[in-house]
**Q** 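Right, I'll just put the structure down here and ask away after.
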Amino acid sequence: MNLKIPILVVNYKNYPEILGRKGVELANICQEVSEELKVNIAIAPPTPFLNTISKEVNIPVFAQHVDASPLGNTTGYITAEMIKEAGALGSLINHSEHRLKRDSIKKTLDRLKANGLYSIVCARDPKEVGSLAKLKPNLLAIEPPELIGTGIAVSKAKPEVITLSIERAKRSDREAKVICGAGISTKEDVEKALSLGSLGVLVSSSIVKAKDWKKSVRELAEPLLYHQI
Ligand code: G3P
């Protein structure tokens, strides 16, 4: 399976709404919408649920974090081999809620690549996007931390952060691909993000905490239809 763009990435985080079978239910809904609309949707459930969820759906499943540690005497660490075995296509790295040092990001990327896994590396500002683009992850995700979980979309509140991030990323690596997240809640937020050049969106609370998951996933996925790349 390949990672295709434009894409909606649904980060489950560790919200109580997605524990156990509920996480599988949301995965199935994401798959249904992906098939109905023919758009790319990936999900990032907590690590303990990767295996169960990957067995039930055929959309891309990502870990929310992976360690650079190898297999062996590395008690408690999550290795790239393990998430692959659990059915993940890749992992988020350096999420704002799970920050890593640059050196760890580089080592983790090397481990993912060695295992044939994809990477979505998060960054807090355009400067960090530019710097991390040099490590050539598959996707970079710009997420201003102050907007995460607020319902105030980065694409509307800080559009310049997206355009500048794309500019900085391309300056470091012409092939760099940037998506964005933080506060994305409506169809218009996604449309705006895509019109600014973002190749997708990374969304959590507005979907996970929605009363009607299907309605919410569909609303945020629809704009991808008109931005096929
Ligand atoms: O990883 C996505 C995330 O940090 C954005 O969260 O709740 O603002 O969509 P949220």
**Q** Without hydrogens or angle criteria, can the side chains of Asn51 and Glu85 be said to hold a donor-acceptor pair below 3.5 Å?
**A** no

**Q** Distance-only, no hydrogens or angles: does the Asp67 side chain make a donor-acceptor pair with backbone N or O of Ile78 under 3.5 Å?
**A** yes

**Q** If you define the side chain from C-beta out and look only at heavy atoms, does anything of Pro46 sit under 4.5 Å from Ile18?
**A**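 They are in contact (side-chain heavy atoms under 4.5 Å apart), so the answer is yes.
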
**Q** Supply the atom-to-atom distance Leu37 CG to Leu8 CG, rounded to the nearest 0.5 angstrom.
**A** 10.5 Å

**Q** Quick test of your reading of the model: are Lys22 and Glu17 salt-bridged, counting only N-O distances below 4.0 Å?
**A** no

**Q** Taking Pro223's backbone N and O only, do any of them form a donor-acceptor pair with Glu191's side chain (distance below 3.5 Å, no angle check)?
**A**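 Between the backbone of Pro223 and the side chain of Glu191 there is no qualifying donor-acceptor contact (under 3.5 Å).
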
**Q** Under the criterion side-chain contact (heavy atoms from CB on, under 4.5 Å), I'd like the reasoning laid out for Leu220 against Ile207: C-alpha separation, chi angles, the key distance, then a yes or no.
**A** CA-CA 9 Å; Leu220 299 190; Ile207 290 179; 3.8 Å; yes

**Q** Side-chain heavy atoms under 4.5 angstrom apart, residues restricted to Ile, Leu, Val, Met, Phe, Trp, Tyr: same cluster for Ile41 and Ile179?
**A** no

**Q** Find out whether Leu139 and Val121 are in side-chain contact, i.e. whether some heavy atom of one side chain is under 4.5 Å from a heavy atom of the other.
**A**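 A side-chain contact is absent here, since even the closest heavy-atom pair is not under 4.5 Å.
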
**Q** Is there a salt bridge (charged side-chain N to carboxylate O under 4.0 Å, His left out) between Glu219 and Lys215? Walk through the geometry before answering.
**A** CA-CA 6 Å; Glu219 173 174 353; Lys215 188 167 169 251; 5.7 Å; no

**Q** Identify the heavy atoms of Ala42 and Ile7 that sit nearest to each other, and give their distance.
**A** CB-CD1, 3.8 Å

**Q** I'd like to know if Glu56 pairs up with Arg21 as an ion pair, taking the criterion as any Lys NZ or Arg NE/NH1/NH2 lying under 4.0 Å from an Asp or Glu carboxylate oxygen.
**A**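 Yes.
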
**Q** Tell me whether Ser195 contacts the main-chain N or O of Ala193 through its side chain, where contact means a donor paired with an acceptor under 3.5 Å.
**A**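 No.
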
**Q** How many angstroms lie between CD1 in Ile105 and CG in Asp103, if you round to the nearest 0.5 Å?
**A** 9.5 Å

**Q** Would you mind checking if Glu25 and Lys214 are paired as a salt bridge, meaning a charged N to carboxylate O distance below 4.0 Å?
**A** no

**Q** Yes or no on side-chain contact (heavy atoms from CB on, under 4.5 Å) for Leu225 and Lys38, after CA distance, side-chain angles and deciding distance?
**A** CA-CA 7 Å; Leu225 251 180; Lys38 300 202 176 8; 5.5 Å; no

**Q** Could you pull out the closest heavy-atom pair between Phe49 and Gly20, with the gap in Å?
**A**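 Phe49 and Gly20 have their closest heavy atoms at CZ-N, 3.6 Å.
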
**Q** Determine whether Ser91 and Ile83 satisfy the following criterion, side-chain contact (heavy atoms from CB on, under 4.5 Å), listing intermediate values before the conclusion.
**A** CA-CA 8 Å; Ser91 184; Ile83 64 161; 3.9 Å; yes

**Q** Is there side-chain contact between Glu97 and Ile148, with at least one heavy-atom pair below 4.5 Å?
**A**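 Of all side-chain heavy-atom pairs linking Ile148 with Glu97, at least one is under 4.5 Å.
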
**Q** With a 3.5 Å distance limit and no angle check, can you tell me whether Ser172 reaches the backbone of Ala133 through a side-chain donor-acceptor pair?
**A**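 It does not hold such a pair.
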
**Q** Treating Ile, Leu, Val, Met, Phe, Trp and Tyr as nodes and any side-chain heavy-atom pair under 4.5 angstrom as an edge, say whether Leu112 and Leu71 lie in one connected cluster.
**A** no

**Q** Kindly indicate whether the side chain of Ile142, heavy atoms from C-beta on, has any atom under 4.5 Å from the side chain of Leu140.
**A**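 Ile142 vs Leu140: side chains apart.
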
**Q** Hydrophobic clustering (ILVMFWY, side-chain heavy atoms < 4.5 Å, transitive) - are Val39 and Val10 grouped together?
**A** yes

**Q** Quick check for you: to the nearest 0.5 Å, what is the distance between Thr79 atom OG1 and Glu81 atom CD?
**A** 4.0 Å

**Q** Can you see which heavy atom on Ser165 is nearest to which on Val178, and at what distance?
**A**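 Closest heavy-atom pair between Ser165 and Val178: O-CG2, 4.3 Å.
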
**Q** Has Ser216 got a side-chain atom pairing as donor or acceptor with Asp212's backbone, closer than 3.5 angstrom?
**A**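 Side chain of Ser216 to backbone of Asp212, a donor-acceptor pair under 3.5 Å: no, none is there.
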
**Q** Sort and list the pairs that fulfil side-chain hydrogen bond (donor to acceptor under 3.5 Å, both in side chains) and have at least one residue in residues 129-143, not counting sequence neighbours.
**A** His95-Glu143, Arg102-Ser131, Ser119-Asn138, Lys136-Asp173

**Q** Less than 4.0 Å between a side-chain N and a carboxylate O, is that true for Glu188 and Lys192?
**A**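 Salt bridge: no.
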
**Q** Any side-chain heavy-atom pair from Ser204 and Tyr12 closer than 4.5 angstrom?
**A**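 Contact flag for Ser204/Tyr12 side chains = no.
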
**Q** Please examine the side chains of Leu199 and His227, heavy atoms only from C-beta on, and report whether any two atoms are closer than 4.5 Å.
**A**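 No, side chains not in contact.
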
**Q** Are any side-chain N or O atoms of Ser198 and backbone N or O atoms of Leu194, one a donor and one an acceptor, separated by less than 3.5 Å?
**A** no

**Q** I need the Arg168 CZ to Lys170 NZ distance, nearest 0.5 Å.
**A**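 Reported value, rounded in 0.5 Å steps: 15.5 Å.
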
**Q** Closer than 3.5 angstrom, by distance alone: can the side chain of Ser34 be matched with the main-chain N or O of Cys30 as a donor-acceptor pair?
**A** no

**Q** Any side-chain heavy atom of Ile184 within less than 4.5 Å of one from Ser155?
**A**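 Yes, at least one pair of side-chain atoms sits under 4.5 Å.
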
**Q** What closest approach, in Å, do Leu50 and Ala63 show between heavy atoms, and which atom pair accounts for it?
**A** CD1-CB, 3.9 Å

**Q** Could you go through Arg218 and Glu36, starting from their C-alpha distance and side-chain angles, then the distance that decides it, and tell me whether this counts as salt bridge (charged side-chain N to carboxylate O under 4.0 Å, His left out)?
**A** CA-CA 9 Å; Arg218 180 184 273 278; Glu36 280 169 27; 2.3 Å; yes

**Q** Indicate if Leu3 and Ile43 have the same hydrophobic cluster label, given that clusters are the connected sets of ILVMFWY residues with side-chain heavy-atom separations under 4.5 angstrom.
**A** no

**Q** With the side chain counted from C-beta on, respond yes when Met1 and Ile59 share a heavy-atom pair under 4.5 Å apart, and no when they do not.
**A**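 The answer is no, as the side chains (C-beta and beyond) never meet within the 4.5 Å cut-off.
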
**Q** By the definition side-chain contact (heavy atoms from CB on, under 4.5 Å), identify the one residue from Leu132, Ile93, Leu202 that meets it with Cys122.
**A**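 Between Cys122 and the candidates, side-chain contact (heavy atoms from CB on, under 4.5 Å) is satisfied uniquely by Leu202.
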
**Q** Under the ring pair (Phe, Tyr, Trp, His ring centres under 6.0 Å) rule, what pairs show up with a residue in residues 60-83, not counting sequence neighbours?
**A** His65-His98

**Q** What pairs of residues pass the ring pair (Phe, Tyr, Trp, His ring centres under 6.0 Å) test when at least one of them lies in residues 166-197, not counting sequence neighbours?
**A** none

**Q** Answer yes or no: is there a donor N or O on one side and an acceptor on the other, between the side chain of Lys84 and the main chain of Leu89, under 3.5 Å?
**A**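 Checking the backbone N and O of Leu89 against the side chain of Lys84, no donor-acceptor pair under 3.5 Å is found.
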
**Q** Can you check whether Thr47's main-chain N or O pairs, donor with acceptor, with Gln64's side chain at less than 3.5 Å?
**A** no

**Q** Taking all non-hydrogen atoms of both residues, which atom of Gly149 and which atom of Ser205 are closest, and how far apart?
**A**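 In terms of heavy atoms, the two residues are closest at CA-OG, 3.8 Å.
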
**Q** Check whether Trp213 reaches the backbone of Val208 with its side chain - one donor and one acceptor, N or O, closer than 3.5 Å.
**A** yes

**Q** Show the numbers, then the answer: is there a side-chain contact (heavy atoms from CB on, under 4.5 Å) between Lys113 and Arg111?
**A** CA-CA 5 Å; Lys113 276 180 200 158; Arg111 301 268 301 121; over 6 Å; no

**Q** Would you kindly confirm whether Val129 and Ile5 end up in one hydrophobic cluster when ILVMFWY residues are joined by side chain heavy atoms under 4.5 Å apart?
**A** no

**Q** Could you pull out the closest heavy-atom pair between Thr74 and Ser69, with the gap in Å?
**A**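 The pair with the smallest heavy-atom distance is CG2-CB, 3.8 Å.
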
